[in-house]
Peer 1: 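Okay, here's the structure, questions in a sec.
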2 protein chains.
Amino acid sequence: MSVAVILYHRGMSRWQPDARGRLQLAAMELYVERGFEQTTVVDIAERAGLTERTFFRHFADKREVLFLGQDELQELFVSTIAQAPDDAAPLEAVAAALQAVATEFEPRRRWSQERQRVINANPGLQERELIKLAGLSSAIAATLRDRGVDEPAASLTAESGISVFHIAFQRWIAADNTREFSQLITQSLAALKVVTAGG
Amino acid sequence: MSVAVILYHRGMSRWQPDARGRLQLAAMELYVERGFEQTTVVDIAERAGLTERTFFRHFADKREVLFLGQDELQELFVSTIAQAPDDAAPLEAVAAALQAVATEFEPRRRWSQERQRVINANPGLQERELIKLAGLSSAIAATLRDRGVDEPAASLTAESGISVFHIAFQRWIAADNTREFSQLITQSLAALKVVTAGG
DNA sequence: AACATGATGACAGCAACTGACATCAGTGGG
DNA sequence: CCCACTGATGTCAGTTGCTGTCATCATGTT
């Protein structure tokens, strides 16, 4: 609170702007500096110039702060699939969405690596990541159903798409990788087709 | 502790047997009766005639008690895949494991339904379920790699197998289902092949 | 009989999260 | 110009999940 108090009475608005963004930044910094478990919510709130209670007004829990922007990602997936030509096969529509998402990620490789290092170091964060991916999968399946795809094809296509995304993402952020995300998705998708082609 | 105290001095062993099993039973009962969040660890321990501290000696956390037996499941997956003929395609080996697991589950449909109702009612439990499935996927991928399958084919095959398992499982425990688990797996696997068959 | 072991209990403590109420700048009607 | 209202934040007390540490004590071993 100190910062707000110091700057107060100067004609500025009552609170420092973008509390949520400040909390996210502070959390990310601390998670990288000391690790997730070694960071308390009080630490985060203090660095952001806020209180613990306010943190929990902006984020459901200590993990959720790493998953801001998930809604936009899901929106991009869904709208891209919805816009695919009517005669596109389900997996083609999903593939188009994967490419759109890859384009969005491409300029943020370093940030993705840093964030993923934090997540990979903590099982609780991995759980949260998995349930977010499952949420994406459900949304994709629902969109496919809207396009007339029936079950279990819709869910299987969605889960396959998420698998391709997940595996391509891991390869994209690998330390020794120099390929583009979009290319890795194309490769993984092709590999999936080969693997499921048998008998 | 009351039960143990009452029965004490009668020539029985010092502690009631199978503390872990009693804790699991008590937890399951309470989760079904009042729901997961409405049940405290103290409640569980008391019903089992033990203390909270002892609960945490047997289970890493309040969720883990619903996932006892996960190791055996993974072992069944892995050993079945490892035993597949050398010339079996990766997805065929995984399919054989899925059938083996289905056979194991078949007699416990009611129990599976009850357990899944508890899990579906709580996001935290769904997270735990997802990370267990991810663990299975990793183990399967590792086994496939031992068989000479390279990446990303191994991981993609493993994740596809888990998708098929997951979707077939949901259909198997659906209230209106009368088919056998094994048959639903065969269907889902066929649907996966159709879905990924496109040019 | 002395000793080691292993499962449990007892107790203190931290940190995540929640509910209830207070504060107070900005806003808009009267 | 005042006043009621709103909304973001602060304050505080409380519950619960989970951990560290030490004590207890039947059992098995030597």
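We name chains A, B, ... by the order of the sequence lines, and we start the count at 1 in each one.
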Peer 1: Of all the choices, D:dA26, D:dT9, C:dC17, which nucleotide is nearest to the side chain of A:Glu52 once you look at every atom?
Peer 2: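 Looking only at heavy atoms from C-beta outward on A:Glu52, the closest nucleotide is C:dC17.
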
Peer 1: Expressed as a whole number of angstroms, how long is the span from B:Lys62:NZ to D:dT15:P?
Peer 2: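 Going from B:Lys62 (NZ) to D:dT15 (P), I get 16 Å.
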
Peer 1: Using 4.0 Å as the upper bound for N to carboxylate O, is an ion pair formed by A:Glu52 and A:Lys62?
Peer 2: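 The answer is no: the pair does not qualify as a salt bridge.
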
Peer 1: For the base of D:dG10, is there a side-chain donor-acceptor partner from A:Arg57 under 3.5 Å away?
Peer 2: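 Donor-acceptor pair under 3.5 Å: yes.
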
Peer 1: Specify the separation, in whole Å, of atom CD of B:Glu46 and atom C1' of C:dA10.
Peer 2: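 Rounding to the nearest Å, CD of B:Glu46 and C1' of C:dA10 are 15 Å apart.
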
Peer 1: How close or far is atom C1' of C:dA15 from atom CD1 of A:Ile44, stated in whole angstroms?
Peer 2: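 Rounded to the whole Å, the gap is 12 Å.
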
Peer 1: Between A:Lys132 and A:Glu64 (salt bridge meaning N to carboxylate O under 4.0 Å), is one present in this structure?
Peer 2: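 So A:Lys132 pairs with A:Glu64 through a salt bridge.
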
Peer 1: Closer than 4.0 Å, any side-chain N/O of B:Thr54 to the OP1 or OP2 of C:dT8?
Peer 2: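 Checking B:Thr54 against C:dT8: no side-chain N or O falls below 4.0 Å of OP1 or OP2.
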
Peer 1: When the distance from CZ of A:Phe55 to C1' of C:dA15 is rounded to whole Å, what number comes out?
Peer 2: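 To the nearest whole Å, that distance equals 13 Å.
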
Peer 1: Closest to the B:Thr40 side chain: D:dT11, D:dT19, D:dG17?
Peer 2: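 It is D:dG17.
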
Peer 1: Assess whether atom CD of B:Gln183 is packed by more than 12 heavy atoms of other residues, nucleotides or ligands within 6.0 Å.
Peer 2: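 Enclosed.
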
Peer 1: Give the nucleotide from the list C:dT18, D:dG17, D:dA8 with an atom nearest to the side chain of A:Phe56.
Peer 2: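 That would be C:dT18.
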
Peer 1: What is the distance from CG of B:Asp61 to C1' of C:dA16, rounded to the nearest Å?
Peer 2: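 Whole-Å distance recorded here is 14 Å.
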
Peer 1: How many whole angstroms separate atom CD of B:Gln16 from atom C1' of D:dC25?
Peer 2: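 These atoms are roughly 17 Å apart.
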
Peer 1: Specify the separation, in whole Å, of atom CD of A:Glu37 and atom C1' of C:dA16.
Peer 2: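 Rounding to the nearest Å, CD of A:Glu37 and C1' of C:dA16 are 13 Å apart.
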
Peer 1: Ignoring hydrogens and angles, answer whether the base of D:dG20 and the side-chain atoms of B:Arg53 contain a donor-acceptor pair closer than 3.5 Å.
Peer 2: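 Donor-acceptor pair under 3.5 Å: yes.
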
Peer 1: Report the nucleotide, chosen from C:dT8, D:dC18, D:dT24, that has the shortest atom-to-atom distance to any side-chain atom of B:Arg14.
Peer 2: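 Ranking C:dT8, D:dC18, D:dT24 by closest atom to the B:Arg14 side chain puts D:dT24 first.
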
Peer 1: Assess whether atom CD of B:Glu104 is packed by more than 12 heavy atoms of other residues, nucleotides or ligands within 6.0 Å.
Peer 2: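 Not buried by this count: 12 neighbours or fewer within 6.0 Å.
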
Peer 1: Rounded to the nearest Å, what distance is computed from the CZ atom of residue A:Phe59 to the P atom of nucleotide C:dC17?
Peer 2: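 Interatomic distance, CZ of A:Phe59 to P of C:dC17: 13 Å.
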
Peer 1: Taking the side chain of A:Leu50 as its heavy atoms from C-beta onward, which of D:dT9, D:dC18, C:dG9 lies nearest to it?
Peer 2: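 Shortest atom-to-atom distance from the side chain points to D:dT9.
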
Peer 1: Do B:Arg117 and B:Tyr31 form a cation-pi contact, if we require the NZ or CZ to be under 6.0 Å from the six-membered ring centre and within 45 degrees of the ring's axis?
Peer 2: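 Cation-pi check for B:Arg117 and B:Tyr31: fails.
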
Peer 1: Does the side chain of A:His58 get closer than 4.0 angstrom to OP1 or OP2 of D:dA8 through an N or O atom?
Peer 2: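 Result: no.
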
